[in-house]
Amino acid sequence: MAVCARLCGVGPSRGCRRRQQRRGPAETAAADSEPDTDPEEECIEAGAAVLCGAEGGRSAGPSSPPRCSLLELPPELLVEIFASLPGTDLPSLAQVCTKFRRILHTDTIWRRRCREEYGVCENLRKLEITGVSCRDVYAKRINPRVKSGRFMKILPDYEHMEYRDVYTCLLHRYRHILGLWQPDIGPYGGLLNVVVDGLFIIGWMYLPPHDPHVDDPMRFKPLFRIHLMERKSATVECMYGHRGPHNGHIQIVKKDEFSTKCNQTDHHRMSGGRQEEFRTWLREEWGRTLEDIFHEHMQELILMKFIYTSQYDNCLTYRRIYLPPSHPDDLIRPGLFKGTYGSHGLEIVMLSFHGKRARATKITGDPNIPAGQQTVEIDLMHRIQLPDVEYLRNFNELSRIVLEVREQVRLEQQQEEDRPEDGEDHSRQSPREPQRGPVQPSAGPPTEKGKEPGDGGAVAAEEQPGQCGQGQPFVLPVGVSSRNEDYPRTCRMCFYGTGLIAGHGFTSPERTPGVFILFDKDRFGFIWLELKSFSLYSRVQATFRNADAPSPQAFEEMLKNIQSLTS
């Protein structure tokens with residue numbers, strides 16, 4: 001009875017009196033005769049007493065204060081201590097003694113673990129009072145034919161659910177799938193963000209905005225969700241299609257890889273057949289109808305993507321991707337960007353910095369350049385000074401400047417290969433260290449009437465990439481096509497770069513010269529000289545949890561893995 005009283009935080013004459021009233025005299029007397037502590041507690045307290053006595057014998061005098069056992073602390077203080085420990089340590093703590101095990105049944109401990117480790121702020125009791133959570137409101141919106149009364153029957157039983165069950169059976173069990181993932185959908189790829197959303201774990205597929213509005217926010221739709229329908233059992237539901245949640249399955253294949261499977265693919269079908277499914281998909285994917293797309297080649301690409309992606313029926317394998325690590329010396333903050341790719345529409349790329357170079361890797365792709373490939377590579381040691389606007393409008397002038405820099409880069413690479421072995425240590429300097437003895441620029445373009453030498457061409461490498469100068473006017477050369485005419489008219493700086501082009505099916509890939517244009521901290525562009533095309537990129541303005549790479553080496557390994565899948 002004393003143990004129960006301490007757990008309640010009150011004396012035996014208050015909190016436990018109700019139980020005494022329910023019992024008969026004989027039961028009450030038997031309960032009062034129980035020992036105050038169980039054998040496990042007596043052993044721990046005895047050991048602590050012996051330890052205190054031994055230390056007291058070694059102390060300088062009898063005035064040293066005695067040390068208290070952890071078991072002697074009030075239960076409310078133990079609850080506060082246990083709630084501050086990581087949830088993974090609590091099962092071991094429960095094996096210490098019966099008292100600890102009983103205290104760890106306190107739901108406030110697990111509620112705090114859910115909030116601090118996974119961001120769960122919902123109150124189970126309030127959800128039961130309101131009758132529906134914000135996630136279920138979303139499920140209602142995508143399936144308006146479900147009536148409120150009928151929908152209430154499939155809500156989780158929050159009244160008899162505990163935060164301990166939420167932590168152990170849902171959050172901790174599926175913690176390995178939280179973060180950013182790339183689905184294996186052939187050349188198209190994708191971006192999946194698995195998050196704890198309320199008392200659900202939801203996999204949100206992020207989609208670029210409709211072409212060509214690159215500055216619009218990202219779109220997203222749920223592919224699956226996991227929640228507790230019963231106290232000890234987590235339920236996986238497929239959210240694909242337009243008929244509401246239905247039975248699904250998730251399997252964690254290995255580290256940094258998992259797969260999903262829909263067990264009711266008939267929920268993905270529509271009454272109007274494939275034609276209705278295609279029209280619905282087209283409105284969601286492109287925001288238009290097929291009649292609005294006059295370009296025949298684009299119609300073929302759209303139809304090809306629908307046929308290819310719809311065959312998976314949300315039965316996909318996902319591989320983990322990390323956000324690129326950042327450094328104070330980076331030209332701009334690395335991360336995810338949306339970019340225009342001609343007839344292929346908008347695609348998602350990841351900009352990362354690697355010493356003297358920067359790379360844009362495709363997260364979503366197309367039949368020509370699939371997801372995982374490095375679409376653009378920027379040489380940060382070869383800055384290009386654009387000519388004045390009136391000369392910049394001339395494509396031949398820009399092409400001459402870029403090709404001159406390419407020849408300079410080729411000569412430098414040849415000199416690097418011919419350098420004797422004793423110079424290897426000099427060439428293997430730190431990626432963040434400025435290049436010793438900066439390469440001097442070429443003589444520059446010849447003097448033209450009304451134009452001074454040095455108005456356009458390469459800039460000395462001693463100008464560090466992070467030193468952004470004043471903005472200068474920018475305009476696309478005549479003849480260069482752009483999906484979005486609303487591009488910035490001023491830029492900060494430009495660099496020489498190469499872009500990856502290939503035929504259908506990633507045939508005959510080659511890197512061709514181009515110009516990387518930095519507009520501001522959230523936008524950049526690339527001019528593809530051979531294609532006479534311009535791509536505009538805008539930053540993805542979203543916050544992703546559980547997406548940071550554990551180390552720079554892990555990020556580099558991730559890039560190699562996603563590239564090898566489509567090589």
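Because only heavy atoms are used, hydrogens play no part in the values below, and waters and symmetry mates are left out as well, while side chains stay in.
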Engineer: Indicate yes or no for a side-chain donor-acceptor contact from Gln563 to the backbone of Lys560 under 3.5 Å, with no hydrogens or angles considered.
Structural biologist: no
Engineer: One pair to check against side chain to side chain contact (heavy atoms under 4.5 Å, CB included): Trp204 and Met218. What are the steps and the verdict?
Structural biologist: CA-CA 11 Å; Trp204 297 97; Met218 294 283 286; over 6 Å; no
Engineer: CG of Asn314 to CG of Leu223: how many Å apart, nearest 0.5 Å?
Structural biologist: 5.0 Å
Engineer: Between His344 and Leu301, does a side chain to side chain contact (heavy atoms under 4.5 Å, CB included) hold up when you go through it step by step?
Structural biologist: CA-CA 7 Å; His344 299 291; Leu301 293 174; 3.7 Å; yes
Engineer: Find the distance between CG (Asp211) and CE (Met298) and round it off to the nearest 0.5 Å.
Structural biologist: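 The distance works out to 6.0 Å.
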Engineer: Is a salt bridge present between Asp197 and Arg225, judged by a nitrogen-to-oxygen distance below 4.0 Å?
Structural biologist: no
Engineer: Going by atom type alone, with no hydrogens or angles, which donor-acceptor pairs under 3.5 Å involve a side-chain atom of residues 244-254 and a protein atom two or more places apart or on another chain?
Structural biologist:
| unit_1 | atom_1 | unit_2 | atom_2 | d |
| --- | --- | --- | --- | --- |
| His246 | ND1 | Cys238 | O | 3.3 |
| His246 | ND1 | Gly244 | O | 2.9 |
| His246 | NE2 | His268 | NE2 | 3.2 |

Engineer: Evaluate the side-chain proximity of Arg319 to Asp256: yes if any heavy-atom separation is below 4.5 Å, no if none is.
Structural biologist: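 They are not in side-chain contact.
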Engineer: Walk me through whether Gln553 and Glu557 qualify under side-chain hydrogen bond (donor to acceptor under 3.5 Å, both in side chains).
Structural biologist: CA-CA 6 Å; Gln553 294 77 15; Glu557 188 68 22; over 6 Å; no
Engineer: Would you compute the distance between atom OG of Ser399 and atom CD of Glu530 and round it to the nearest 0.5 angstrom?
Structural biologist: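 It comes to 10.5 Å.
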Engineer: Which residue, Thr317, Ile185, Thr260, forms the side chain to side chain contact (heavy atoms under 4.5 Å, CB included) with Tyr312?
Structural biologist: Ile185
Engineer: Spell out, as yes or no, whether a donor-acceptor pair under 3.5 Å connects the side chain of Arg483 to the backbone of Ser343.
Structural biologist: no
Engineer: I'd like to know if the side chain of Thr364 reaches the main chain of Leu191, judged simply by a donor and an acceptor atom lying under 3.5 Å from each other, with no hydrogens or angles considered.
Structural biologist: no
Engineer: Looking only at heavy atoms, what is the nearest atom pair of Met350 and Phe555, with distance?
Structural biologist: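 Residues Met350 and Phe555, closest heavy atoms: SD-CE1, 3.6 Å.
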Engineer: Between Tyr537 and Leu351, is there a donor-acceptor pair closer than 3.5 Å when you use the side chain of the first and the backbone of the second?
Structural biologist: no
Engineer: Just by distance, do the side chain of Arg539 and the backbone of Lys521 share a donor-acceptor pair under 3.5 Å?
Structural biologist: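 Answer holds: yes.
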Engineer: Taking CZ in Arg333 as the centre, count heavy atoms belonging to other residues, nucleotides or ligands within less than 6.0 Å. Is the count above 12?
Structural biologist: no
Engineer: In plain terms, say whether Glu117 and Arg175 are close enough for a salt bridge, that is, a side-chain N and a carboxylate O under 4.0 Å apart.
Structural biologist: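 Salt bridge: no.
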Engineer: Between Phe544 and Tyr206, is a ring pair (Phe, Tyr, Trp, His ring centres under 6.0 Å) present by the stated rule, with each step listed?
Structural biologist: CA-CA 11 Å; Phe544 300 102; Tyr206 275 68; 5.4 Å; yes
Engineer: Where is the tightest heavy-atom contact between Cys114 and Val166, given as atom of each residue plus distance?
Structural biologist: SG-CG1, 4.3 Å
Engineer: Do Glu412 and Gln408 meet the criterion of a side-chain donor-acceptor pair at a distance under 3.5 Å?
Structural biologist: yes
Engineer: Given Phe516, which partner from the list Phe526, Phe534, Phe524 fulfils the ring-ring contact (aromatic ring centres under 6.0 Å, His included) test?
Structural biologist: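 When Phe526, Phe534, Phe524 are each tested with Phe516, the ring-ring contact (aromatic ring centres under 6.0 Å, His included) holds only for Phe524.
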Engineer: When rounded to the nearest 0.5 angstrom, what is the spacing between CG in Asp215 and CD in Gln541?
Structural biologist: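 Between atom CG of Asp215 and atom CD of Gln541 there are 9.5 Å.
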Engineer: Keeping the roles fixed (side chain from Lys221, backbone from Leu207), state whether a donor-acceptor pair exists under 3.5 Å.
Structural biologist: no
Engineer: If we ignore hydrogens and angles and just use 3.5 Å, is the side chain of Asp366 paired with the main-chain N or O of Asn368 as donor and acceptor?
Structural biologist: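 The answer is yes, because a donor-acceptor pair under 3.5 Å joins these two groups.
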Engineer: Going by heavy atoms in the side chains, are Trp281 and Trp286 under 4.5 Å from each other?
Structural biologist: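 Side-chain contact under 4.5 Å: yes.
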Engineer: Mark yes when over 12 heavy atoms from residues, nucleotides or ligands other than Glu296 sit less than 6.0 Å from its CD; otherwise mark no.
Structural biologist: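 Atom CD in Glu296 is not packed in, count stays at 12 or less.
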Engineer: Could you give me the CA-CA distance, side-chain angles and deciding distance for Leu392 and Glu397, then say whether side chain to side chain contact (heavy atoms under 4.5 Å, CB included) is met?
Structural biologist: CA-CA 7 Å; Leu392 183 58; Glu397 176 65 18; over 6 Å; no
Engineer: Please determine if Arg279 and Glu276 form a salt bridge, counting it only when a charged side-chain N lies under 4.0 Å from a carboxylate O.
Structural biologist: no
Engineer: Got a donor-acceptor contact below 3.5 angstrom from the Asp520 side chain to the Arg523 backbone?
Structural biologist: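 Checked: pair present.
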Engineer: For a quick test of reading the model, state the closest non-hydrogen atom pair linking Ala371 to Gln182 and the distance between them.
Structural biologist: CB-NE2, 3.6 Å
Engineer: Can you tell me how far apart NZ (Lys356) and CG (Asp379) are? Round to the nearest 0.5 Å.
Structural biologist: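 The NZ atom of Lys356 sits 9.5 Å away from the CG atom of Asp379.
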Engineer: Who pairs with Arg274 by side-chain contact (heavy atoms from CB on, under 4.5 Å), at least two apart in sequence or on another chain?
Structural biologist: Arg269, Glu277, Phe306, Ser310
Engineer: Determine yes or no for a side-chain-to-main-chain donor-acceptor pair under 3.5 angstrom, with Ser535 supplying the side chain and Thr340 the backbone.
Structural biologist: yes
Engineer: Does a side-chain heavy-atom distance below 4.5 Å link Ser482 with Leu536?
Structural biologist: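 When only atoms from C-beta onward are counted, Leu536 and Ser482 do not touch, as no gap falls below 4.5 Å.
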